[in-house]
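Heads up, the thing below is written out as structure tokens.
Side chains included, hydrogens not; waters and symmetry mates left out as well; all remaining heavy atoms used. Per chain, numbering begins at 1; letters A, B, ... match sequence-line order.
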Amino acid sequence: MTALLTFQDVAKSFTLHLRDGVVLPVVGGVSLSVAPGECVVLGGPSGAGKSSLLKMAYGNYRCDGGAILVRDGDTIVDVVCADPRVVLALRARVIAYVSQFLRVIPRVSTLDVVVAAGREGGLSEETARARAKDLLARLNLPERLWGLPPATFSGGEQQRVNIARGLIADRPLLLLDEPTASLDAQNRAVVAELVREKLAAGAGVLGIFHDSEMRDAVATRIVDVTRFAPQARAA
Amino acid sequence: MSEPLLQVRGLTKRYGARLACADVSFDLVPGEVLAIVGESGSGKSTLLSLIATELAPDSGTVSYRMRDGALRDLAGLSEAGRRALMRTDWGFVRQDATKGLRMAVSAGGNVGERLMGLGERHYGRIRAQALDWLGRVEIDAGRIDDPPSQFSGGMRQRLQIARNLVTAPRLVLMDEPTSGLDVSVQARLLDLIRRLSAELGLAVIIVTHDLAVARLLSHRIAVMRAGRVIETGLTDRVLDDPEHAYTQLLVSSVLAA
């Protein structure tokens, strides 16, 4: 098997115990895969379960059934049933996840936030620091902000810090959930270039991009998730 | 995967008819941070006391991998052996600093005491290490001779951390270390705990009712209710996609800041 990521007949629903146990089906019968060098973009209206698929691949959401296989070197891990410690190891070595939102760590400077993400991804302190500076500069984040914690930054600035965090290490599988939602055209172009560099280096991407320009710039394939709509919607 | 540092099996404790801790089992590996969350009375502090052998369980065992590599049932150690372990290889940061510190002894003395427990007698070395640790927990060197009774709540907690970490423990228990502190003081303390535990590769069991603290610090989480662990797993998965009705209630009851 050469795919970096494979969904096999994955199903997901939410059971809301505080709402009399109502079951909200999200997706069913999801089968798709991402090969090295491929950027698979999830399409479909909001609410179709695109973000949920990324969160399941990251181990952040549980699945009702099926398997989500992630390649870690010579071994294959099923994220659906893996031990938490194995999922954490995958996140350190294999899977990068970039959401729209930066979860801020109090008091830590922007540069250190990005360096820490590189260190967690296995880079040396020196390499992480050099790459962090390079990425923040390419993403046009003014150097005067690097020493400040990102808590007070604008949405677009926080998003660029988040992208730098996600892309700094050499993780082979990138899960990108609207990473360019609040960026201007110039910075979107930078992100598209960064993603293409990762693809050229053999990484695989599963992403959500509502912006059609961004999608056209990076997508190698589009998967419409409405085809994974659960058959019978519960009342 | 590394071998467990701590192995808890079937820990059970009753207070009369009430089950304070019911059949709790888990493993903790080196460097792993486990958060135990739940409301007051859920049994999380009882569980911590059982692990620290401050309480005797009605049944169940706590085993620890000693420095020689052998996993030993703590109930089988002598009282002196257990005390020595707690003073050197374990730390315990308590919610109430007056129970974790000697309030009338200087800050430097509080840190140095644990070193003396290890047999260190050289005054200069003890003072140098105390100074080093006060610096690492961001306490001004000029306060080394002041007793913690003159410190603020946040400083007392940081001093507790220095006192516990000076002996290079491998396992640290924390009972609500940040509750009762101002939010800004909490953030500073959390950042310090997060940084030191990662730098030193500490295994940590942290009891907290604050889910944000659990999310920031822990790898894994165990949700307790009425003495039982009702849900356990990867911290972000349990908090973002809780399975159990009670966990859903806990998570949905938090005000988003």
Side-chain angles (χ1 to χ4, degrees), chain A residues 12-24 26 49 51-64 68 72 75 77 79-92 95 97 99 101 103-109 112-113 115-117 119-120 125 149 151 175 177, chain B residues 1-5 26-35 138 178 182-195 198-199 203 212-213 215-222 230-253 256-257:
Chain A
K12 169 71 187 166
S13 62
F14 289 105
T15 304
L16 307 182
H17 292 292
L18 307 181
R19 298 277 179 277
D20 300 321
V22 65
V23 177
L24 295 178
V26 182
S51 290
S52 293
L53 289 180
L54 295 192
K55 287 177 177 174
M56 286 185 267
Y58 197 55
N60 178 230
Y61 276 4
R62 290 175 289 114
C63 299
D64 303 347
I68 300 177
D72 179 8
T75 61
V77 176
V79 176
V80 173
C81 57
D83 181 276
R85 294 164 190 134
V86 174
V87 175
L88 289 172
L90 269 188
R91 290 177 180 181
I95 313 177
Y97 173 73
S99 74
F101 308 104
R103 213 178 261 286
V104 183
I105 303 156
R107 293 180 74 223
V108 183
S109 80
D112 286 343
V113 162
V115 170
R119 299 282 290 137
E120 285 160 23
E125 174 73 26
L175 306 173
D177 190 346
Chain B
M1 200 173 302
S2 42
E3 290 181 302
L5 181 67
F26 65 88
D27 285 352
L28 193 73
V29 299
E32 187 173 37
V33 180
L34 171 72
E138 305 171 6
T178 61
D182 289 341
V183 180
S184 61
V185 177
Q186 256 190 38
R188 184 178 187 186
L189 189 64
L190 286 172
D191 180 44
L192 185 77
I193 294 172
R194 198 181 55 84
R195 200 160 36 78
E199 258 171 37
V213 169
R215 188 192 284 276
L216 187 67
L217 294 179
S218 71
H219 303 118
R220 287 195 303 137
I221 195 169
I230 54 161
E231 184 163 355
T232 176
L234 197 61
T235 297
D236 61 274
R237 190 185 300 197
V238 171
L239 294 180
D240 292 340
D241 188 11
E243 185 167 19
H244 195 281
Y246 178 71
T247 315
Q248 290 188 1
L249 178 67
L250 269 189
V251 169
S252 67
S253 306

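Considering only residues two or more places apart in sequence or on other chains, A:Asp112 meets the side-chain hydrogen bond (donor to acceptor under 3.5 Å, both in side chains) condition with A:Ser109, A:Arg129. Applying the side-chain hydrogen bond (donor to acceptor under 3.5 Å, both in side chains) test to B:Tyr246 and every residue at least two apart in sequence or in another chain returns B:Glu39.
For a residue to count as touching a neighbouring chain, one of its non-hydrogen atoms must lie under 4.5 Å from one of that chain's; by this rule B:Glu32 touches chain A with the side chain only. Neither the backbone nor the side chain of A:Tyr58 comes within less than 4.5 Å of any heavy atom of chain B. Interface remark: B:Asp236 contributes backbone and side-chain atoms alike to the contact with chain A (heavy atom separation under 4.5 Å). With a 4.5 angstrom heavy-atom cutoff, A:Arg119 does not touch chain B via any of its atoms.
One finds a salt bridge joining B:Arg194 and B:Asp191 here, because a Lys/Arg side-chain nitrogen approaches an Asp/Glu carboxylate oxygen to under 4.0 Å. A salt bridge links B:Glu138 to B:Arg195: one of the charged nitrogens lies within less than 4.0 Å of a carboxylate oxygen.
Heavy-atom pairs under 4.5 Å with chain B were tallied for A:Thr15, A:Val108, A:Leu18, A:Leu88; the largest tally goes to A:Leu18.
With hydrogens and angles ignored, the 3.5 Å screen pairs a side-chain donor or acceptor of A:His17 with a backbone N or O of B:Glu243.
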